There are 2 protein chains.
Amino acid sequence: MRIGELAAATSLSPDTIRYYEKAGLLPDPARTPAGYRAYGPEAVDRLHFIQGAQRLGLRLEDIRNLLAIRDTGTCPCEPAADLLTRRLAELDEKIRHLEVLRAEMAAMLDALPAEDCPQPTPGTWLTPERRC
Amino acid sequence: MRIGELAAATSLSPDTIRYYEKAGLLPDPARTPAGYRAYGPEAVDRLHFIQGAQRLGLRLEDIRNLLAIRDTGTCPCEPAADLLTRRLAELDEKIRHLEVLRAEMAAMLDALPAEDCPQPTPGTWLTPERRC
DNA sequence: CTTGACCTTGGAGTGGACTCCAAGGTTTAT
DNA sequence: ATAAACCTTGGAGTCCACTCCAAGGTCAAG
């Protein structure tokens with residue numbers, strides 16, 4: 001299939017696919033006599049893999065490394081486990097941080113309808129001498 | 001005080017402060033006869049405000065708008081409430097998404113030491129025909 | 001006085017993941 | 001045949017929040 005078809009099959013743009021190829025995520029594809037890229041169905045799979053990994057928050061660099069290991073025919077489970085473990089720890093940290101922030105902001109929002117502007121809880125959020 | 005002193009007082013770099021001024025977050029400061037920027041203590045407060053709002057995930061553009069309202073002498077509580085409400089909704093969404101992701105990744109990690117590579121749960125994460 | 005730290009300006013660079021542009025060739029449907 | 005959609009390449013632009021560079025002036029301590 002051609003790049004437009006691959007793009008449609010994966011909800012990506014042709015430019016993005018060309019970008020991925022340049023970034024080393026996709027191998028150089030076969031070409032038509034006119035120089036057009038010619039992809040097989042395995043390219044759809046590969047892009048789905050990339051998209052799945054992106055959903056998990058992996059950067060393209062990480063995904064490229066995983067793909068490189070996979071392409072050698074060796075088992076990518078250990079590197080995948082390493083990446084997943086790292087990502088899990090990052091996610092836990094991120095969730096914790098967001099929950100703290102959420103609590104702070106909810107508290108600020110609760111305090112807003114008060115006669116005075118709220119105390120600057122997370123820093124000088126709103127200047128205390130300002131009266132609402 | 002001079003820009004270096006203001007930077008030290010706020011843990012920002014002089015370049016960042018100059019950047020904020022250019023981005024409209026800080027008013028043009030007074031100058032020394034040599035052309036150096038001269039700040040009063042209110043600049044520290046203003047930068048603390050900015051830093052606090054950034055911690056909440058607000059972009060500089062949003063903070064600039066809030067500051068502009070504040071600078072007119074009107075009460076910024078309603079715009080702040082709007083921003084906070086919006087940010088709360090965004091945070092809730094983000095937390096939910098991260099928690100779903102976390103669960104998926106934990107499940108994938110649990111499945112990894114199995115004899116076969118796990119089924120591609122979030123998409124073709126790992127090609128099923130690959131055996132570990 | 002000397003030297004090093006500090007300051008100025010305009011503008012370019014960084015990171016990461018795309019997206020757009022220009023110029024021109026190819027394919028497909030009417 | 002024609003026109004529009006599709007494709008190619010190299011390279012620049014976008015987003016956002018900084019950070020760095022170059023060239024030169026100013027300040028403060030020794």
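Reckoned from all heavy atoms, side chains included, excluding hydrogens, waters and symmetry mates. What you see is a predicted model; the values in this text were computed from it and never measured. Residue numbering restarts at 1 for every chain, and letters A, B, ... go by the order of the sequence lines.
- Considering L83(A), I50(A), D71(A) in turn, L83(A) is the only one that fulfils the side chain to side chain contact (heavy atoms under 4.5 Å, CB included) rule with L66(A).
- OP1 or OP2 of dC18(D) has at least one side-chain nitrogen or oxygen of Q54(B) nearer than 4.0 Å.
- We find that CD of E21(A) is positioned 11 Å from P of dG10(D), with the value rounded to whole Å.
- From T85(A), atom OG1 reaches atom CD of E90(A) across 11.0 Å, with rounding to the nearest 0.5 Å.
- With sequence neighbours left out, the side-chain contact (heavy atoms from CB on, under 4.5 Å) criterion links T16(B) to L12(B), S13(B), Y20(B).
- Atom CG of D62(A) is separated from atom P of dA17(C) by 9 Å (rounded to the nearest Å).
- Taking every side-chain heavy atom of R59(B) into account, dC16(D) is the closest of dA17(C), dT8(D), dC16(D).
- We find that CD1 of I50(B) is positioned 17 Å from P of dC16(D), with the value rounded to whole Å.
- Taking every heavy atom of both residues into account, R46(B) and L25(B) meet most closely at NE-O, 2.8 Å.
- Between dC7(D), dC18(C), dT8(D), one nucleotide has an atom nearer to the side chain of R2(A) than all others, and that is dC7(D).
- Regarding I17(A), its CD1 atom lies at a distance of 14 Å from the P atom of dT9(D), rounded to whole Å.
- Taking atom CD1 of I63(B) as the reference point, atom C1' of dC16(D) lies 12 Å away to the nearest angstrom.
- Rounded to whole angstrom, the span from the CD1 atom of I3(A) across to the C1' atom of dT27(C) amounts to 16 Å.
- Between R37(A) and dT8(D) there is a side-chain polar atom (N or O) within less than 4.0 angstrom of OP1 or OP2.
- When the C1' atom of dA5(D) is taken as reference, atom CD of E5(A) falls 13 Å away, rounded to whole Å.
- The stretch residues 6-13 of chain A comes close to DNA chain C through S13(A), each having a heavy atom under 4.0 Å from the strand.
- With respect to the salt-bridge test (charged N to carboxylate O, under 4.0 angstrom), the residues R87(B) and D62(B) do not qualify.
- To the nearest 0.5 angstrom, D92(A) atom CG is 4.0 Å from R102(B) atom CZ.
- Dashed line: the shortest gap from a side-chain N or O of Y20(A) to OP1 or OP2 of dC18(C) is under 4.0 Å.
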| request: Any chance you could list the contact pattern along nucleotides 20-26 of chain D? Use B for base contacts, S for sugar-phosphate-only contacts and - for none, protein heavy atoms under 4.0 Å, 5' to 3'. | output: B----BB
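- Contact record, R37(A) with P29(A): CG-CG, 3.5 Å, taken as the closest heavy-atom pair.
- In terms of heavy-atom proximity, V44(B) sits nearest to A9(B) at CG2-CB, 4.3 Å.
- One finds no side-chain N or O of R18(A) lying less than 4.0 angstrom from the OP1 or OP2 phosphate oxygen of dT9(D).
- Salt bridge status for R64(A) with E61(A): present, with a side-chain N to carboxylate O gap under 4.0 Å.
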